Amino acid sequence: MRKKVIAANWKMNKNRGEAEDYINKFLPLLGNINATDPEVIICPPFTSLQTLHDAVQGSYVKTGGQDIFWETSGAFTGEISAPMLTDCGCSYVIVGHSERRHILDESDYNINRKIKSSLAGALIPILCVGETLQERQNDLARQVVKDQMEKALLGIDITAGNLIVAYEPVWAIGTGVNASPDDAQDMIAFIREQLSQLYNPELASAIPILYGGSVKKANMHDFIIKADIDGALVGSASLDPREFSEIVRSVKNG
Ligand code: PGA
């Protein structure tokens, strides 16, 4: 049985006070689903990581960074390394989010380096892949995702517990227009096939693969009932503690 995972990506939202306030509301709302299945991960901005980590103490909620640099220390202005993230209590880190790929020109080569540094630093990367609307319309979605997977994982040894993949079609992120659960299942099964070819079928069947893109409490159930979808990476809907707790509940009951 694969682990179910539900991860919040707060993006550039919430300062320390807001993060603390959120957790004070969110943990009681989790109630009897305060356990590791699903694994609940919150990725706040770097500046709120320590506050968030302190606030979730005594609960099962884990924390993660939204990005990482590939070196551990040195003259890299503005960057944050794996040891810095673990020092703030992180166990996860998002790598290759589409906003970084598209707004900040992040390359597949750098994403590969970031996956390597995450693993070397005992962080579990949440590798994001996904096609643009134009690529989908031109029937290139599978090729794009295959390419992103191959380049991100080039030369990297994976074990069942040290990778999460998130399929996030770019056109579904922050738009309110989610992929259909059937299309998401289709692509996620394809991603699992890629993992099987890159590694082996056992490993591929053990790696959690999430859907991301306009997930909310009203549609989470439709995704989680699909055979290959193991959870979600949630942006806007994770900013509200009640909405996010309902999403977690859907996954738990899914
Ligand atoms: P969204 O963002 O849920 O707001 O669409 C998802 C993401 O960027 O991970």
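Quick caveat, the model's predicted, so the values are computed rather than measured. Remember, it's 1-based here, ligands and their atoms both numbered in the order they're listed. Numbering of residues begins at 1 and proceeds along the displayed sequence.
- In summary, the side chains of E131 and W171 do present a donor paired with an acceptor at a separation below 3.5 Å, with no hydrogens or angles considered.
- Neither the backbone nor the side chain of C128 comes within 4.0 Å of ligand 1, counting heavy atoms alone.
- Linking ILVMFWY residues whenever their side-chain heavy atoms come closer than 4.5 Å, directly or via other members, leaves F223 and L233 in distinct clusters.
- The two atoms that bring I229 and I224 nearest to each other are O-CD1, 3.7 Å, heavy atoms only.
- Residue G174 approaches ligand 1 through these ligand atoms, each under 4.0 Å from one of its heavy atoms: 1 (P), 4 (O), 5 (O).
- Atoms of ligand 1 lying under 4.0 Å from any heavy atom of G213, numbered from 1 in the order shown and given with element: 5 (O).
- Of the protein's heavy atoms, S236 OG, 2.6 Å lies nearest to atom 4 (O) of ligand 1.
- Side-chain N/O atoms of Q50 and D54 include a donor and acceptor closer than 3.5 Å.
- Residues W10 and A19 share a closest heavy-atom pair of CZ3-CB, 3.7 Å.
- Residue A166 places every heavy atom at 4.0 Å or more from ligand 1.
- We find the OG-NZ distance between S180 and K226 to be 8.0 Å, quoted to the nearest 0.5 Å.
- The ligand atoms of ligand 1 that sit less than 4.0 angstrom from a heavy atom of L233 are 9 (O).
- The closest approach between S214 and ligand 1 falls below 4.0 Å for a heavy atom of the residue.
- A salt bridge links K114 with E106: at least one charged nitrogen is closer than 4.0 Å to a carboxylate oxygen.
- Scanning all protein heavy atoms for the shortest distance to atom 3 (O) of ligand 1 gives G235 N, 2.8 Å.
- Taking atom 9 (O) of ligand 1 as the reference point, the nearest protein heavy-atom neighbour is E168 OE2, 2.6 Å.
- Atoms of ligand 1 found under 4.0 Å from any heavy atom of A172 (numbered from 1 in listed order, with element): 5 (O).
- Of the N and O atoms on the side chains of N112 and K116, at least one donor lies less than 3.5 Å from an acceptor on the other residue.
- For ligand 1, the polar-atom distance check finds no N/O of T175 at less than 3.5 Å from any of the ligand's N/O atoms.
- Here is the list of ligand 1 atoms found below 4.0 Å of a heavy atom in H97: 7 (C), 8 (O), 9 (O).
- Of all protein heavy atoms, the one lying nearest to atom 2 (O) of ligand 1 is K11 NZ, 3.2 Å.
- Donor-acceptor pairing under 3.5 Å is lacking for the side chains of S196 and E193.
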